[in-house]
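Proteins come first, then strands; the chains are lettered A, B, ... in the order of their sequence lines, and each starts at number 1. In what follows, every heavy atom counts, from backbone to side chain, and hydrogens, waters and symmetry copies are set aside.
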Number of protein chains: 2
Amino acid sequence: MNKRTQQREQTRIEILTAAEHIYAVHGFIRPSTQMVAKEAGVAHGTVFLHFQSQEKLILAVIENLGQSLTSQIHESSVPGHSLNEVLQTYLTAIEANESLYTHLIMELPQLPKEAQQTVIGIQSVIAHHLDQVMSQLKKEKKIKDLSFPFLFNTWIGLIHYYLMNRRLFAPHGSVLAVYKDQLIANFITLLEVDCT
Amino acid sequence: MNKRTQQREQTRIEILTAAEHIYAVHGFIRPSTQMVAKEAGVAHGTVFLHFQSQEKLILAVIENLGQSLTSQIHESSVPGHSLNEVLQTYLTAIEANESLYTHLIMELPQLPKEAQQTVIGIQSVIAHHLDQVMSQLKKEKKIKDLSFPFLFNTWIGLIHYYLMNRRLFAPHGSVLAVYKDQLIANFITLLEVDCT
DNA sequence: TCATTTAATGACTCCTTACTCACTGACTGT
DNA sequence: ACAGTCAGTGAGTAAGGAGTCATTAAATGA
């Protein structure tokens, strides 16, 4: 690989990284391509040399995030994980990309439809792992016998609610860092069949 | 009241109603003031004759929604309501404004901070009623003894999740019309202390 | 060494959109 | 009846942002 293509690749990565930073802070919709160029330290036109359009740039960032999340979840998923461990794996993966992921789910309807596929992909991965461990626990009568979709939506809804209100729950940092364990513990208590 | 002020008031209401329709369909951010003017059947400039700015118009619509929701909830709330009835009251009120309310919660961070106050106001009303009935049930050991904030957030998170994905769950109509009863029943089952 | 290629630049065009204002004509009070 | 008022109009202005392209200069290879 010669110096020219090396440099080109380098610049592409700089723009992508700059876009990630900007989008993580300001969301996908508001920031202009000018802002991304400035953050990357390149001219405005250079952005369009590497990405056909703003939409393609946004999609590249989202695609990256999807890859990162699903691979993290897959890597740290061992067959035979407990419910606690599966939930933990999921939240740890999101925590590492909390800000960007939060903007993704909040602005999803305003983003190109390809972005929706990415989110569906992420949720499928966690749904699969959760279903695995939950149906086993249901058989053993250890958790309540409610439909999986309802339980899944309750869990995702809860997490997304905390993410969407992260600046309220954790003004200067990660909500998940603060509430992760508590959310898992409480959610499991809610599922449990207990007679105290 | 003379004909002139009557006409003026009439036009104001037409613009506000048009804005409600447009925002319910397209959200608060995307549509232009031109679009609202067209829907209302008035000239573009007329919008600014009645509302200082786009922001003020949006706030007026949101303020209206807040009033409508909180009064509905207050009216159909009787002391001594069961948990089922309290949840029902809340969802019925939202169902009547489902589309607009959904856009409000989804686009909240992009809206002026006054909008946040409105949402907090709505949630305070339901939180108050829910706390009332839940703490009683906790004393009677009929539901699990988890912190109220957690239970409240789980409930709101669940409802918001269904609202945010309404086009997925109910492509051509109201999600709540379809899932309301099921959501309440399942959520109550989740709370219950039972030993089957 | 030097002709050719190409990554990068940034001024420019085009477009959209919020908001203004000089003007029109219907209503009001006398 | 008529001078004054004011709701409504819509062409016009200014700002901002996406995407283009002629130009520059560094790298390449013969």
Main-chain N/O of Tyr161(A) paired to Asn165(A) side chain as donor or acceptor, under 3.5 Å: yes

Is there any salt bridge (Lys or Arg N to Asp or Glu O under 4.0 Å) pair reaching into [range], and which pairs are they, with sequence neighbours excluded?
range	answer
residues 1-13 of chain A	none
residues 95-113 of chain A	Glu95(A)-Lys180(A), Glu98(A)-Arg166(A)
residues 55-73 of chain B	none

If you look at every strand shown and take non-hydrogen atoms under 4.0 Å, does Arg4(B) touch a base, only sugar-phosphate, or nothing? base

Give me the first and last nucleotide of DNA chain C, going 5' to 3', that has any atom under 4.0 Å from a heavy atom of chain A. dT5(C) to dG10(C)

Stretch residues 53-62 of chain A: residues that reach within less than 4.0 Å of DNA chain D through a heavy atom: Ser53(A), Gln54(A)

Give, ordered by number, those residues of residues 22-42 of chain B having at least one heavy-atom distance below 4.0 Å to an atom of DNA chain D; if nothing qualifies, reply none. Val42(B)

Working to the nearest 0.5 Å, report the span between [atom1] of [X] and [atom2] of [Y].
X	Y	atom1	atom2	result
Ser124(A)	Asp131(A)	OG	CG	12.0 Å
Leu65(A)	Tyr23(A)	CG	OH	13.5 Å
Asn64(B)	Asn97(B)	CG	CG	9.5 Å

Once side-chain contact (heavy atoms from CB on, under 4.5 Å) is applied, do any residues pair with [X], and if so which ones, sequence neighbours excluded?
X	value
Pro109(A)	Met106(B)
Glu39(B)	Ala18(B), His21(B), Ile22(B)
His81(B)	Val78(B), Glu85(B), Val86(B), Thr89(B)

Footprint ends on DNA chain D, 5' to 3', for atoms under 4.0 angstrom from a heavy atom of chain B, come out as dG4(D) to dG10(D)

Residue list, ring-ring contact (aromatic ring centres under 6.0 Å, His included) with Phe48(B), at least two apart or on another chain: His44(B)

Side-chain donor-acceptor contacts of residues 145-155 of chain A below 3.5 Å, not counting sequence neighbours, with atom names and distances?
| from | atom 1 | to | atom 2 | distance (Å) |
| --- | --- | --- | --- | --- |
| Ser147(A) | OG | Phe150(A) | N | 3.3 |
| Asn153(A) | ND2 | Pro149(A) | O | 3.2 |
| Asn153(A) | ND2 | Tyr162(B) | OH | 2.9 |
| Thr154(A) | OG1 | Phe150(A) | O | 2.7 |

Taking for each residue the nucleotide of DNA chain C bearing the nearest heavy atom, is the 5' side occupied by Thr5(B) or by Gly45(B)? Gly45(B)

Will you find, in the side chains of Glu114(A) and Thr118(A), an N or O donor that is under 3.5 Å from an N or O acceptor? no

